[in-house]
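Each remark here refers to the structure printed beneath this line.
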Amino acid sequence: MARAELMTGMRSTGLDVREVDRPADFTSGFTVQVYPHVRILPSHSLRIVFAADDPAVPRVHARGPDCPAHRNPDGSLCLWYPKDAPSRRWSPGDGGRLLIAIIVRHLRWEAAYRATNVWPGFEAPHGHGSPGLDEQDRTIG
């Protein structure tokens, strides 16, 4: 998927999405900033980095209320587990609109976790060498 199509999809959510840099092509990587929105993303701004070496695995950093659960060691959101079934992971062909939806869902789950100490969404096993989940939430090896 071209960078322009991805940006159009993200902007179609109604959020203020701006490119931070503009490299020559998608495979060079790029970064976008997503600004808070009263209804959709009230308490966070986002920085989404599509790395040159792996643009299909964006790193999403959220500035706003922190959550001890479901964050990677670098502080980015743990949106999916790399060994999960393809239906549980985002890919560039899914478009920017779906990526934003996944991020917003995750932040809403974080808010619920902060309030209840219970993660309301599905969870994959974590840790070195652990399996992921398939579409029916069964562990896969």
Side-chain angles (χ1 to χ4, degrees), residues 1-140:
M1 168 170 281
R3 183 177 75 239
E5 290 175 77
L6 191 61
M7 293 296 296
T8 298
M10 286 190 280
R11 288 179 176 137
S12 75
T13 63
L15 294 171
D16 182 5
V17 179
R18 301 177 196 173
E19 288 184 73
V20 175
D21 56 30
R22 296 183 61 86
D25 59 40
F26 185 81
T27 58
S28 297
F30 68 103
T31 302
V32 300
Q33 185 74 32
V34 182
Y35 296 91
H37 185 280
V38 173
R39 286 183 20 257
I40 303 167
L41 197 65
S43 35
H44 289 85
S45 63
L46 307 171
R47 187 171 187 87
I48 306 171
V49 178
F50 297 88
D53 59 339
D54 197 359
V57 183
R59 302 301 280 180
V60 180
H61 291 268
R63 179 176 288 165
D66 200 11
C67 184
H70 297 278
R71 296 282 177 118
N72 293 310
D74 67 356
S76 64
L77 304 181
C78 182
L79 299 170
W80 54 82
Y81 186 63
K83 292 183 180 180
D84 280 348
S87 66
R88 290 225 184 261
R89 299 184 316 256
W90 177 84
S91 70
D94 295 331
R97 187 173 183 85
L98 181 60
L99 178 59
I100 293 294
I102 291 168
I103 294 167
V104 169
R105 176 188 64 194
H106 182 93
L107 293 172
R108 288 180 178 154
W109 286 350
E110 281 192 357
Y113 181 84
R114 284 191 304 273
T116 65
N117 212 33
V118 175
W119 188 258
F122 47 83
E123 295 182 286
H126 284 71
H128 182 68
S130 65
L133 297 176
D134 68 10
E135 290 85 354
Q136 288 78 41
D137 293 336
R138 293 185 299 241
T139 302
I140 55 175

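Please read all numbers here as calculations on a predicted model, not as lab measurements.
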Would a 4.5 Å heavy-atom cut-off, applied to side chains only, mark [X] and [Y] as touching?
X	Y	value
R47	T31	yes
P92	W90	yes
I48	I100	yes
H37	D16	no
E110	W119	yes
H61	L46	no
L99	D94	no

Specify the closest pair of heavy atoms between [X] and [Y], including all atoms of both residues, with the distance to one decimal.
X	Y	result
S45	P36	CB-CD, 3.7 Å
V20	V32	CG2-C, 4.0 Å
A112	P120	CB-CG, 3.8 Å
A62	H44	CB-CD2, 3.6 Å

Hey, what do you get for [atom1] ([X]) to [atom2] ([Y]), rounding to the nearest 0.5 Å?
X	Y	atom1	atom2	result
L41	R108	CG	CZ	8.5 Å
D66	R114	CG	CZ	8.0 Å
I102	R97	CD1	CZ	13.0 Å
M7	R18	CE	CZ	10.5 Å
R39	L15	CZ	CG	10.0 Å

**Q.** Side-chain donor/acceptor of R59 to backbone N/O of V49, under 3.5 Å
**A.**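 Flag not set: sc R59 to bb V49 has no pair under 3.5 Å.
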Query raised in the report: So, D74 side chain and S76 main chain: donor-acceptor pair closer than 3.5 Å or not?
Result: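 Side chain of D74 to backbone of S76, a donor-acceptor pair under 3.5 Å: yes, one is there.
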- Over 60° means perpendicular and under 30° means parallel, so classify the ring planes of H70 and H106, tilted if in between.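 Correct class here is perpendicular.
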**Message:** Heavy-atom count check: over 12 atoms from other residues, nucleotides or ligands less than 6.0 Å from R63 CZ?
**Reply:**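 No, because the 6.0 Å sphere around CZ of R63 holds 12 heavy atoms or fewer from other groups.
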